[in-house]
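This report refers to the structure that appears directly beneath it.
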Amino acid sequence: MTPEAAPKKDFIRSRIASDVEAGKNGGKLHTRFPPEPNGYLHIGHAQAIWLNFSVAEEFGGKCNLRFDDTNPGKEDVEYVDAIRDDIRWLGYDWDDREFYASDYFRTFYDFAVKLVRKGKAYVDSLPAEEISAYREAQKDSPYRERSVEENLDLLERMRKGEFDEGTHILRAKIDMRSPNLNLRDPAIYRIRKIHHDRTGDEWCIYPMYDFAHGFSDSIEGITHSLCTLEFENHRPLYDWFIEQLEVFHPQQIEFARLNVSFLITSKRKLLRLVQEGHVSGWDDPRMPTIRGLRRRGYTPASIRDFCSNAGITKVNGVTQLVVLENAVRKDLNATAPRMMAVLEPLKLVITNYPEGEGELLDAVNNPEDPSMGSRKLPFSRELYIERDDFREDPPKGFFRLSPGTEVRLRYAYYVKCEEVVKDANGEVVEVRCTYDPATKSGQEGAPLRKVKGTLHWVSAPHAVEAEVRLYDNLFRVPAPEVGVEDFLENLNPDSLRVLTGCKLEPELGAAEVGQNVQFERLGYFCVDQDSQDGALVFNRTVSLRDSWAKVEKAAENRG
RNA sequence: UACCCCGUGGUGUAAUUGGCAACACAACUGGUUUUGGUCCAGUCAUUCCAGGUUCGAGUCCUGGCGGGGUAACCA
């Protein structure tokens with residue numbers, strides 16, 4: 001694992017530090033990550049995971065994994081396995097502390113009964129729309145003053161399944177005139193005659209999130225319950241529940257949800273992308289899901305680094321996508337082996353190199369890390385270079401190959417373009433060069449003339465073929481959800497480009513699924529799971545920074 | 001509309017709690033380089049506005065303005 005900078009001291013860490021210092025909760029810290037198993041985890045969850053686990057680690061505490069499974073109609077075990085897998089992949093471990101809100105259903109029910117006994121909850125029999133209207137009008141329900149006995153009886157019969165869904169509901173009895181909507185007698189138990197993945201058919205009433213969540217934290221002894229901003233208005237309600245039942249009081253602290261430009265993190269919208277076939281699945285390398293990022297070639301360390309870098313605040317901002325891209329570049333620059341690959345091949349023939357001969361050249365695996373050693377690279381008379389690296393009519397500032405110019409072939413020789421071969425359409429199909437044997441790479445001796453460009457190449461007879469998938473942003477604008485009726489209008493039609501017949505140096509033939517490599521001068525790539533024996537598929541994780549592309553684009557814009 | 005939260009470079013965050021506004025990314029200059037990569041150096045802000053307290057305010061107070069969240073028998 002690459003070393004990661006110590007996390008920045010955000011407002012949550014500062015607050016926890018002072019709590020710990022003050023000896024609150026005996027100086028102990030305990031957090032939790034509480035996903036609802038109703039979808040795959042995405043980059044936003046990654047930050048919440050990173051926050052909770054790294055804070056726990058930093059303060060010598062623990063972090064639980066708890067599935068918030070209070071709504072069986074929307075949840076599925078499929079997601080439980082995926083969520084576990086993603087968190088582990090990110091590099092975190094919850095040991096045996098895997099919990100479920102449903103583990104506490106019995107306790108929640110007992111709490112509800114206690115509230116009723118205290119006269120702090122009642123069964124309402126108004127239809128849903130009426131309850132909503134009454135809450136807005138700050139008007140008491142006609143059922144608000146039912147006796148404790150009647151409420152107890154109705155609640156018990158709700159539990160037994162005597163009523164249809166929607167006919168009755170248990171509400172907390174707080175204050176219908178409260179300026180905080182959440183305190184206007186919120187629902188705490190509703191009838192749902194649905195099978196639950198973990199509790200089976202034991203229950204036909206299920207607690208609301210607002211009722212269950214704070215108590216789950218309390219039961220597990222969570223000292224600091226970190227959640228996103230939209231729950232800020234709910235905190236007084238959680239505190240009220242905790243006070244009424246006189247149980248352990250976790251401290252909730254809210255922070256802003258992570259937003260990244262060009263990415264969407266709404267579960268509903270991600271689901272639509274999958275269901276309507278705009279992407280190949282939850283793990284499509286263009287998806288902002290953990291699985292998508294993973295398949296794309298992002299490393300756990302780079303994602304953690306990104307989360308830390310984006311920072312934790314209460315301000316709703318948008319982190320630029322390049323910050324994420326830079327995080328993976330930084331990690332892979334240090335760790336990924338360099339390899340030669342030509343994506344759009346152009347044949348290059350060295351006319352003065354003996355036919356049928358070849359040699360093995362030394363190539364460094366990673367100039368950033370000498371311990372990664374070197375390898376032998378086969379060289380011969382016929383090579384492939386990148387089509388982009390040759391211009392018959394070079395623009396100003398182009399210092400790659402063109403008629404009459406000389407460049408270095410990485411780890412090999414200088415070559416000079418002498419001739420161009422074209423097909424019937426006038427397209428260049430081959431460049432013919434001469435090489436200078438005295439310019440062999442690594443050779444000691446006389447100072448050489450300088451060339452400006454160095455090209456990557458692959459020996460034609462030794463090349464391994466592969467498919468390479470180039471990804472661009474799934475959306476063509478930084479904020480895909482604003483200014484349009486349907487975010488799909490902003491889908492980028494060119495977000496995937498598939499290249500076949502790419503030429504790789506032979507060493508790459510043995511690459512394994514998931515392996516990260518840098519294709520020299522091009523970018524970071526990784527082996528996709530679609531690879532078969534003899535039919536490799538690579539995903540481009542991210543390109544290298546490309547200052548020439550920038551210059552060219554600027555020239556284009558000038559006209 | 002009501003309630004709650006938040007305003008620091010182009011972007012994301014800092015600022016020892018009242019003491020020279022710092023870091024990263026982007027952009028632009030230049031240097032090194034057998035990856036137009038990496039690396040190195042430099043340039044880029046009167047802290048939303050107006051008052052007030054103070055020797056001193058990004059920080060405290062008052063009033064504006066602006067942005068966001070919530071108003072489910074979802075989480």
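Sequence lines set the chain letters: A, B, ... in the order given, protein chains first and strands last, and positions in each chain run from 1. Computation of the quantities below employed the complete heavy-atom set of this structure, encompassing side-chain atoms and omitting hydrogens, waters and symmetry-equivalent molecules.
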OP1 or OP2 of B/rG36 versus the side-chain N and O atoms of A/Arg521: is any pair under 4.0 Å?
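For A/Arg521, the contact criterion (side-chain N or O under 4.0 Å from OP1 or OP2 of B/rG36) is met.
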
Less than 4.0 angstrom between a side-chain N/O of A/Ser547 and OP1 or OP2 of B/rG37, yes or no?
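For A/Ser547, the contact criterion (side-chain N or O under 4.0 Å from OP1 or OP2 of B/rG37) is met.
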
Sequence neighbours excluded and cut-off under 3.5 Å, please list the side-chain donor-acceptor pairs for residues 127-136 of chain A, or say none.
| residue | atom | partner | partner atom | Å |
| --- | --- | --- | --- | --- |
| A/Arg135 | NE | A/Arg184 | O | 2.9 |
| A/Arg135 | NH2 | A/Leu181 | O | 2.7 |
| A/Arg135 | NH2 | A/Arg184 | O | 3.4 |

Looking just at side-chain N and O atoms, do A/Asp210 and A/Tyr238 make a donor-acceptor pair shorter than 3.5 Å?
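There is such a pair (donor and acceptor under 3.5 Å, judged by atom type) between the side chains of A/Asp210 and A/Tyr238.
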
Select one nucleotide: of B/rA27, B/rA75, B/rG12, the one nearest the side-chain heavy atoms of A/Lys550.
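Of the options given, the side chain of A/Lys550 lies nearest B/rA27.
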
Which nucleotide in the set B/rU13, B/rU35, B/rA75 lies at the smallest distance from any side-chain heavy atom of A/Glu36?
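Output: B/rA75.
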
Does [X] pair with [Y] as a salt bridge, N-O distance under 4.0 Å?
X        : Y        : answer
A/Asp217 : A/Arg66  : yes
A/Glu162 : A/Arg157 : yes
A/Glu254 : A/Arg235 : yes

Whole angstroms only, please: what is the [atom1]-[atom2] distance between [X] and [N]?
X        : N      : atom1 : atom2 : answer
A/Glu481 : B/rG68 : CD    : P     : 14 Å
A/Tyr206 : B/rA75 : OH    : C1'   : 16 Å
A/His456 : B/rG37 : NE2   : P     : 15 Å
A/Lys553 : B/rG36 : NZ    : C1'   : 17 Å
A/Arg257 : B/rU70 : CZ    : P     : 8 Å

Starting from the 5' end of RNA chain B, give me the residue, A/Glu520 or A/Val322, whose nearest nucleotide shows up first.
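With A/Glu520 and A/Val322 compared, the 5'-side residue is A/Val322.
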
C1' atoms of B/rC49 and B/rU8, separation to the nearest Å
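Those two atoms are separated by 15 Å.
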
NA contact type, [X], heavy-atom cut-off 4.0 Å: base, sugar-phosphate, or nothing?
X        : answer
A/Arg400 : base
A/Gln320 : base
A/Phe399 : base

Please work out the stems of RNA chain B from pairs that are Watson-Crick or G-U wobble with both distances under 3.5 Å, keeping only runs of three or more consecutive pairs.
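When the pairs of RNA chain B are grouped into runs of at least three, the stems are B:1-7 with B:65-71, B:10-13 with B:22-25, B:27-31 with B:39-43, B:48-52 with B:60-64.
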
So which of residues 182-192 of chain A are in contact with RNA chain B, with a heavy-atom cut-off of under 4.0 Å?
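The stretch gives A/Ala187, A/Arg190, A/Arg192 as the residues lying under 4.0 Å from the strand, ordered by number.
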
Sole residue of A/Val123, A/Leu170, A/Leu154 in side-chain contact (heavy atoms from CB on, under 4.5 Å) with A/Val116
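The residue from A/Val123, A/Leu170, A/Leu154 that satisfies side-chain contact (heavy atoms from CB on, under 4.5 Å) with A/Val116 turns out to be A/Leu170.
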
For the student: nearest non-hydrogen atoms of A/Trp457 and A/Phe379, plus distance
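That would be CH2-CD1, 3.6 Å.
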
Looking at the angle O4'-C1'-N9-C4 for a purine or O4'-C1'-N1-C2 for a pyrimidine, is B/rU16 syn or anti, with syn meaning within 90° of 0?
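Here the answer is anti: the torsion falls beyond 90° from 0.
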
Measure the acute angle between the ring planes of A/Phe33 and A/His45, then classify it against the limits of 30° and 60° as parallel, tilted or perpendicular.
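Because their plane-to-plane angle is over 60°, the rings of A/Phe33 and A/His45 count as perpendicular.
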
